[in-house]
Amino acid sequence: MPDKTRQKEAPLRNEYLPDQALVLEVRELAPGIRHFLLEFVDPVLRENFSFCSGQFLQVSLLGIGESPISICSPPTQKGSLELCVREAGNLTQALHRLQPGDSLWVRGPYGQGFPLVEMAGQDLIFIAGGIGLAPLRSAIDCAVCLNDEFGELTVLHGARSPDFLLFTDEYETWRQSGRVETIVDEAPPDWRGQIGVITALLDLVNPAPENTSVLICGPPVMFSFVLGRLKELGFDDSRIFISLERHMRCGVGKCEHCVVESFYTCRQGPVLSIEQIRGISSALR
Amino acid sequence: MKIKLEHVTRIEGHASLTVMLTEGKVHSVRLKYEEGARLFEGLLRGRNFFDAPTIASRICGVCPSVHNITAIKAMEQALSVNVDPVTDKLRRLMILAQWIQSHTLHAFFLALPDYLGAESAISMASEHPDEVEIALALKKLGNDMVYVIGGRAVHPITSRVGGFSHVPPVTRLADLRHRLEEALPPAMRLARLTGELDIPDFSRKTTYLALVDPDEYAYYTGEVCSSEGYCSTPDDFCSTLREVVRPDSTAKAGLHEGRGFFTGALARINLSHELLTGSAGTILRDSPHSFPNYNTFLNTFCQTVELVYAMTESVRLIDELLAGDLVTKTPEITVRAGSGVAATEAPRGTLYHAYTLDDEGLIVDDNIITPTAQNLTNLEDDIDQFVGQRHDWEAARLIEGIERLVRSYDPCVSCATH
Amino acid sequence: MDETESGTSASDLASGYYAHPDLGRWLLELAADYRVLVPAEKGGNRIFQEVGTTDALCFGLAQDRTVLPAKKAFLPPEEVLFEFSAGRILPAMPLDDTIVFGLHVCELSADRLLTANMTHDRPDFHYLVRRNGGIIAGVSCRRTPGCFCEKTGHDQIVPGDFDLFLDLDGCSGWDSAGTGEQCGGKAKTSVAQPRLIAGSAAGRNLAASAPFPLENATGAIRAPEASAGSKTWPLDELPARIRDSFGAAIWDDLAVRCLGCGNCTIVCPLCYCFYTRDETGLAPETGRRLRLWDSCQLLAFARVAGGHNFRESRSERIWYRFSHKFMRMQETLGHAGCSGCGACFHFCPADIDPQQVIADVLGVTDGA
Amino acid sequence: MGNLSPASGERLRIGIFSLTSDAGCQLEFLNLADDLLALVRAVDIVHFPMARTFNQNGPFDIAFVDGVPARPDELDLLQEVRRSTKVLAALGSCSSFGGVPAAQHFHDLGDLKKYVYRGMEDLDTLEVFPISRYVRVDLQLRGCPASKWEIMETVTALIAGRLPQLKAYPQCVDCKILENRCLLLEGLPCLGPITRAGCGVVCPSVGVPCDGCRGPTEEPNLTSAIEILTRGTTYPDLIRKFQKFCSLAPEYQEMFDRWRGLV
């Protein structure tokens, strides 16, 4: 009979096996949006897990399913991770039922984050629509933490209504490193802040393009207005970074769902510069 | 005073009982089938002859195979199509499988809880786990037989005018045969148990009607015969059977020679019990009951005897099929105008389908007469006598007895109100 | 198996099949130790079936294509990624003992490309465990009606692309225009001993027990000549051409005809996209995570939770199918992601022919 | 639909309701056979008149509704069910699309009643519509009959706290994976490419073209499908095929309107 022994291949890593994490804390940030503090059960992973702002995890609950979710805590925070989850589908609804002490499962981190290292010494503008603030908050906190490495920080955050402004209790800390402006689509009469679209905040702060990088995350409808305004202000496409949302299943460029023309959003993205996606009309939809 | 029992439970479909009380005693009861009209006979008009078996099977989810086969037989008569013996045997198997499915459902899931003091087969599971397990296995066996031959357990697919689109593989038939043999002893045990149940003392002689075939216990062929000696072809009989439309009811009621009659397992056994040989015959003759018998409550026991018959007859048919070449050939069908009537024995009694086609093969006229509709008059007469003999009973006890009586007919309201 | 003098039943030969009694016996021997898949008949179709579940041990000489390509052996339509119970994950270990017999040249080539795709960047564990542990054996092909491997550059392979190759050239006389007559009918006695060519150590090991002579391969093995005038597409140019064609009218025209049924991708040897799904029983703490084939032609493919669909129109989805094959795979792996087998066209209810699509793309981007 | 699952540790309360129908879909619960005992051990089927004597009222976690409301009291029942359940699942093509009885919309209802009931036309019978005309429907378990797989997926998903993943893609995907003969390629009028998967492709697997009992896929390309299907059958026969099970599917209405304009 033939010999069944074969040459041993190099051990393969099984990308589809998630690691267990525990929920330490849950808090409601806005209607239908919750914030989770987690830590890995495995002490080695807990100590050594590293990532870049803008990268995401494949988060799952056993028996429910898996979804990509950006990490919203900064890479500088060791030992724990934070996620910000909006109730939208099967998994996120189930995540909203979690209590401290419950388990969830994660694999990753995946994708390319914001190239903060290349932005050293520059001013940073963060433009966030709605829950788009989550991945940016990771970068903001990182920049705040490494204050000396960056110039001035400007955070522009738009939301449906004042209730939906996220991380409001952190604005004071952020303001020590720069400026935070918010705007809402609609508001009750007692609202003293801005009402309108997010480009109004760009008009308000009127940023100079020199030595500045822009980091954007939000709903696709926001992109064309913001990018148009940035172009008018003279920003170069290579200095504008955007985090794209797509249907991502595998996270490793194999399942094909997240492709935007030639880009696997899960591998080359989710953060891409506008220069990279120039000419791809379907990218910013 | 009037009380209405909105839902007679553990039957197929929705029926209500309205009970008139005088000084706490029942003096009359009215049964009503409470389902909307689906108007199948109307909807079939303008359809292709080859669609009728598919559509007609949707009259009933409990006995779709017999509607399907009966429609096919009627269409083949209308179009003068003859089929090969393998096709006939597979069709017979489908009807017998339907009996296994339906009789198991009725006898053990719907009727037996009455006598074992349970509110459902589900709750029977704790005190009578063996019986429930056997019943579930038999149900599954019947389902699998229809699945293997018909392509699906409810609403078969493969059977069509002229034959079958797909013939079951030999191995699957052999597997069914094996399972039938294995399931036979427990099925006989349950049938014997059903024969020994303490049923109400009730007797009302009526007319019993069923297909009768001198060569076998009939279900697929034969003439329509009555316990009073009447016999005719299904074709002729269909024209003498009267269906009475009643005010505010979507179910019609059957009359033969102006009177109600009984069709179903009890009628078949009353007319053909001498042809029941083998295990089924043994159970029948070993039981404490003699036949012909006029106690309607015995219909459930008769179903379990037929369940055993269906199993042994299926084994015999499978052996015949396995002994020859398992191929069917669909004959050339020439579409033309014509009409055809067919009758088979559905689990609940004789089922008639009659169609008239135009020269394009479209249905211009049709009539479907279901056993539950045929039985309605007789059931009402039974209820009257049952109540009349027990006028001193407490209302609750009497109503429970009436429910059992209704259940013993195994009424299928979906069929009745098609 | 109905064995005639030559070991090949008349009906096998008439339908372009080749069977050999020694081959059959050998495969049955192998099936004691391996999961052996061979092309066999099922309900009027040719499909890769496990030896032991079929007694029809015959090989198509490319008259009929299998419904699903050999990829199903290594990337099953449904597989368990892991099971879970009471908060613990139990990884599923894919079987690594599959032998697939009877791949045609284009399919061997597709297998190489699919494996390269699953290996590059982040390797796919489950596929590679199966594939690296598996053995593939090619078989000489005659051209299947509707195939066009010469156009996509998948018309030749080298011994490194297979473990074994069953060379049926001994059955002389058939060629690209052959109808099977030479091989069947009168010529059946000329179905000589096949030659085996080994392409790997595993193949050589296997061949040691084979009833056929093992020969040294020389040079590449080619699919039979295509019809005159058919030549390779400008594959290097196609990525740019496809990219430029985004939004062009040809895709809208295809969308008018396309039913979006997904047939083209399911039968493609180089389509591999998948989705995952969790399944639980009546006790919710026990279950499994499955991975299942998906299709980029389905409406929900790029839809995210909340309902936004990033590929809303059928024309866009069709463009993505072609861009994957002729743009992305060409750019990342250096080879077109279309083997030229013609299965997508064969199984397309709307008769969408990739050859016409590429001709149109070239035409449109030429400004014609 | 908000939060679907019962409070943790509680058993799912299930109701199975029957309106006018052939009862085939609710019978599929009893046809679960082996799974039935496991099911009743895991959940409480508290309302199921076909099988139980004692039937409880709501609240329910899931209510499966079989059939169409064809009588005024069935409409009341339907509203009551909606009020007392978290998840309302239309069980089968009758409750999802009106099923076979909905073909009455291609006839004059008065004529139909006259034909069937010979002069007794004042029946208390409503026109047949899917239940979604009257109440919000959370899930459609399509098919004639509904598929056991989808019934079990619905129950197990809700126990686990997820929405069931019912297939929305065409039959062809599953049919190809089963490596069946393609009946459409053989010229038979198979509705597979435009019909939702989920039944296990039962008909084409035994050589019978798909009859479309599970209704259309999302955004079916009917124009092209009709052109392709009429190569193997006549246009009137094809329309009759579409009229069988899901004639009230919104996706079909334009096709039927065009047909009505022709005849």
Side-chain angles (χ1 to χ4, degrees), chain B residues 7 9-14 34-43 45-48 51 54-55 58-62 64 105 109-110 113 119-123 125 132-133 136-137 139-140 143 151-155 157-158 160 165-166 245-250 252 412-415 417-418, chain D residues 18-28 30-31 33-34 36-37 40 45 48-55 68-71 73-74 99-101 103-104 106-107 109 111-113 115-120 122-126 128 144-145 202-203 205-208 211 237 240-241 244-245:
Chain B
H7 212 145
T9 57
R10 285 190 276 120
I11 60 169
E12 291 104 7
H14 191 176
E34 306 264 5
E35 294 224 19
R38 289 175 294 158
L39 307 165
F40 265 87
E41 285 145 325
L43 300 179
R45 286 191 305 167
R47 303 280 191 155
N48 281 305
D51 280 340
T54 316
I55 294 170
R58 267 68 184 186
I59 287 173
C60 179
V62 182
L105 175 70
F109 290 83
L110 309 185
E119 74 78 44
S120 70
I122 296 166
S123 57
V132 171
E133 212 161 283
L136 282 169
K139 183 87 182 79
K140 186 165 161 48
N143 288 352
R152 179 165 56 195
V154 175
H155 299 316
I157 306 157
T158 57
R160 59 183 177 189
S165 72
H166 179 265
V245 178
R246 306 174 152 205
D248 79 349
S249 172
T250 51
K252 300 173 194 170
C412 175
V413 183
S414 302
C415 276
T417 59
H418 63 279
Chain D
S18 174
L19 308 177
T20 291
S21 70
D22 76 345
C25 290
Q26 47 180 316
L27 188 63
E28 287 295 67
L30 294 177
N31 284 341
D34 300 345
L36 181 66
L37 285 180
V40 298
I45 301 180
F48 190 8
M50 189 197 207
R52 304 196 74 133
T53 314
F54 304 124
N55 292 287
V68 287
R71 297 154 42 94
D73 60 329
E74 290 180 330
V100 171
Q104 63 175 230
F106 298 97
H107 298 261
L109 192 56
D111 286 351
L112 282 180
K113 287 186 193 170
Y115 179 72
V116 177
Y117 290 101
R118 283 161 253 156
M120 255 291 312
D122 54 345
L123 292 165
D124 214 0
T125 283
L126 300 173
V128 168
C144 188
V202 282
C203 293
S205 296
V206 288
V208 174
D211 246 354
D237 280 355
R240 286 186 195 106
K241 205 170 162 68
K244 265 191 205 166
F245 294 105

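Chain A is the first sequence line, chain B the second, and so forth, proteins listed ahead of strands; every chain is numbered from 1.
The side-chain heavy atoms of L27(D) and L105(B), taken from C-beta on, include a pair separated by under 4.5 Å. A 4.5 Å side-chain heavy-atom check between V62(B) and M50(D) finds at least one atom pair inside the cut-off. In this structure, the side chains of V154(B) and E28(D) come closer than 4.5 Å at one or more pairs of heavy atoms. Within the 4.5 Å cutoff, the side chain of L43(B) has no heavy atoms near those of the F106(D) side chain. Residues L36(D) and K139(B) are not in side-chain contact: their nearest non-hydrogen atoms beyond the backbone lie 4.5 Å or more apart. Taking 4.5 Å as the limit, every side-chain heavy atom of K244(D) sits out of range of all side-chain heavy atoms of R58(B). For the pair R38(B)/V68(D), no side-chain contact is recorded, criterion being any heavy-atom separation below 4.5 Å from C-beta on.
At a 4.5 Å heavy-atom cutoff, the contact between A125(B) and chain D is made by side-chain atoms alone. Within the 4.5 angstrom heavy-atom criterion, no atom of R160(B) approaches chain D. With a 4.5 Å cut-off on non-hydrogen atoms, I122(B) touches chain D through its side chain but not through its backbone. At a 4.5 Å heavy-atom cutoff, the contact between V100(D) and chain B is made by backbone and side-chain atoms alike. Looking at T54(B), only its side chain comes within 4.5 Å of chain D, counting heavy atoms on both sides. Only the backbone of L19(D) comes within contact range of chain B, with at least one heavy atom under 4.5 Å from a heavy atom of that chain. Looking at V132(B), only its side chain comes within 4.5 Å of chain D, counting heavy atoms on both sides.
Of all the listed residues (G207(D), G24(D), C144(D)), the one sharing the greatest number of non-hydrogen pairs under 4.5 Å with chain B is C144(D). By number of non-hydrogen pairs under 4.5 angstrom with chain B, the leading residue of L112(D), N55(D), N31(D), V40(D) is N31(D). When E12(B), E133(B), E41(B) are compared by the number of non-hydrogen pairs under 4.5 Å with chain D, E41(B) comes out ahead. In terms of non-hydrogen atom pairs under 4.5 Å with chain B, the most contact-rich of P101(D), G99(D), S205(D) is P101(D).
In this structure, A37(B) and Y117(D) approach most closely via the heavy-atom pair CB-OH, 3.7 Å. Considering all non-hydrogen atoms of both residues, A103(D) and R47(B) come closest at CB-NH2, 3.2 Å. Scanning both residues, V202(D) and R152(B), for their nearest heavy atoms gives CG2-NH1, 3.7 Å. Between A70(D) and G36(B), the shortest heavy-atom contact is CB-CA, 3.7 Å. Residue Q104(D) comes nearest to L39(B) through the heavy atom pair NE2-CD1, 4.2 Å, listed as atom of the first residue, atom of the second, then distance.
We find the NE2-SG distance between H155(B) and C203(D) to be 11.5 Å, quoted to the nearest 0.5 Å. Here CG of D211(D) is found 9.5 Å from CD1 of I157(B). Values are rounded to the nearest 0.5 Å. T20(D) OG1 to E34(B) CD: the interatomic distance, rounded to the nearest 0.5 Å, is 10.0 Å.
Ion pair D51(B)/R240(D) not flagged as a salt bridge, since none of the NZ, NE, NH1 or NH2 atoms sits closer than 4.0 Å to an Asp/Glu carboxylate oxygen. Electrostatic pairing of E35(B) and R71(D) does not count as a salt bridge here, judged by no charged N lying under 4.0 Å from a carboxylate O.
With sequence neighbours left out, the ring pair (Phe, Tyr, Trp, His ring centres under 6.0 Å) criterion links H7(B) to H14(B). Partners of F109(B) according to the ring pair (Phe, Tyr, Trp, His ring centres under 6.0 Å) rule, which considers only residues two or more places apart in sequence or in another chain, do not exist here.
Checking R10(B) against T53(D) by side-chain atom types alone, a donor-acceptor pair falls below 3.5 Å.
Remark: the backbone N or O of V206(D) is paired with a side-chain donor or acceptor of S165(B) at under 3.5 angstrom.
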